[in-house]
Amino acid sequence: MPRPAGPPTVRLRRLATELRILRTEAALTREQVQDRTGVNQGTLWRIEKGQAKPHLGTLETLFDLYNVTPARRTELIELTRGAKQPGWLRQFTDVIPRGYAAYISFESEAKAAHNYESLYIPGLLQTEEYARASVLDGLPMDADEVEQNVRTRLERQIVLSRQREDRDPLEFWAVIDEAALRREVGGRAVMRAQLARLLELSEQPNIMLQVIPFDRGAHPGMTGAFVRLNFGPTAPDIVYVESLAGDIFLETEAEIDRYGLVFDHLRAMALSPRDTTAFIGNLINP
């Protein structure tokens, strides 16, 4: 049985957005495009939603109709050549879930990420020992799978420095519930080292860290963790929610706005970054 199609790549989503804009600027409906080019309305809808990769001939037909310049055509055709998946990820694609691999590709191309976590330290901020303990205590897997999952998590952290790319580091804003700081994943020594790592990373200019203490009461993040990825003007934002039932990618404007409002509420409830470092310091040295 064939595997279901995964979520669209960042490049495919960007191409979809660009084609919708071009059609709008040309003041054409999808029905009118079909009448003038023969490109089926349903096919055009799927292309403009990022659900189908257009054939080169279809693109050229649309470009002719929309009067796209040669330079712009070259740029847009380049977007069809596939996602810019991190090279290091290919060695792990047989081990990690398809949805998680798609998320890592999104994360590698994002400009900014807003991450709320209720029970775990965010993966981008984990130490190797904490990552290994969380994988070992998760779903059953053999020793090789454990190590490959740990290596995948650590390799992801490259986006915080972009040491292998000529790009700015990911702007990462994390809001963490106090429960994630107090749960001794891997034992007291592992957790102490993890808290110290958080203090170290919080000094990086591209990392913002906030904690919601228990005494702030109930908050909207208690329903579960999520990440909102921002790609700047190149593609719409996306929200990623991980669950045992499967990884969920949310892309509609209403969904993105709802999670944006939730994150704004969470960081307003949380301690300031300065008070957060003091809070974590007190956990290390009570």
Side-chain angles (χ1 to χ4, degrees), residues 103 107 110-134 137 153-154 156-163 168-232 237-242 256-286:
Y103 170 74
E107 184 181 69
K111 293 184 178 297
H114 289 171
N115 185 189
Y116 167 73
E117 293 289 344
S118 55
L119 297 174
Y120 284 101
I121 302 300
L124 290 179
L125 307 180
Q126 292 179 9
T127 65
E128 181 175 349
E129 293 76 15
Y130 183 99
R132 181 171 290 104
S134 64
D137 293 337
R153 196 167 301 181
L154 297 179
R156 280 177 52 205
Q157 297 175 5
I158 292 170
V159 297
L160 295 177
S161 60
R162 306 284 194 193
Q163 293 176 343
D168 291 334
L170 178 74
E171 296 174 15
F172 187 61
W173 194 320
V175 176
I176 309 173
D177 192 277
E178 182 179 345
L181 301 181
R182 290 193 178 274
R183 184 173 297 277
E184 293 186 352
V185 174
R188 185 164 299 180
V190 169
M191 200 63 209
R192 185 182 178 88
Q194 175 61 74
L195 294 176
R197 177 64 172 159
L198 290 180
L199 292 181
E200 177 187 344
L201 290 170
S202 68
E203 296 179 358
Q204 292 186 199
N206 61 306
I207 297 176
M208 190 75 71
L209 181 62
Q210 292 183 266
V211 170
I212 302 179
F214 288 148
D215 61 16
R216 296 294 165 94
H219 59 75
M222 293 172 69
T223 56
F226 64 89
V227 184
R228 177 177 175 173
L229 296 175
N230 173 267
F231 304 93
D237 289 3
I238 193 169
V239 169
Y240 172 73
V241 180
E242 183 180 8
I256 300 301
D257 288 346
R258 182 166 64 250
Y259 276 90
L261 288 172
V262 168
F263 193 81
D264 286 344
H265 188 71
L266 292 173
R267 59 186 176 185
M269 289 187 66
L271 297 174
S272 68
R274 177 177 295 181
D275 289 343
T276 290
T277 59
F279 186 90
I280 296 174
N282 287 334
L283 291 179
I284 298 174
N285 298 301

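Here the structure is a predicted model, which means the values were calculated and not measured.
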Salt bridge (charged side-chain N to carboxylate O under 4.0 Å, His left out) against [X], all qualifying residues, sequence neighbours excluded:
X	answer
Asp264	Arg267
Arg274	none
Glu107	Arg156
Glu178	Arg182

Please identify each residue that fulfils side chain to side chain donor-acceptor pair (under 3.5 Å) with [X], with sequence neighbours left out.
X	result
Glu129	none
Arg132	Glu128, Glu147
Gln204	Asn206
Tyr130	none

Point to revise | Pairs touching residues 208-218 that satisfy side chain to side chain donor-acceptor pair (under 3.5 Å), sequence neighbours left out | key: Trp173-Gln210
Practice item. Not counting sequence neighbours, list each pair that qualifies as a side chain to side chain donor-acceptor pair (under 3.5 Å) and has a residue in residues 276-286. Key: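 Every side chain to side chain donor-acceptor pair (under 3.5 Å) pair that includes a residue of residues 276-286, provided the two are not neighbours, is Arg192-Asn285.
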**Study point:** With sequence neighbours excluded, residues passing ring-ring contact (aromatic ring centres under 6.0 Å, His included) with Tyr259
**Key:** Phe226
Review point. Which pairs pass ring pair (Phe, Tyr, Trp, His ring centres under 6.0 Å) with one or both residues in residues 195-217, sequence neighbours excluded?
Key: none
Exercise for review: May I have the step-by-step check of side chain to side chain contact (heavy atoms under 4.5 Å, CB included) for Asp177 and Leu119, ending in yes or no?
Suggested key: CA-CA 7 Å; Asp177 192 277; Leu119 297 174; over 6 Å; no
Point to revise | Closest heavy-atom pair and its distance - Asn115, Pro122 | key: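 So the minimum-distance heavy-atom pair works out to OD1-CB, 3.3 Å.
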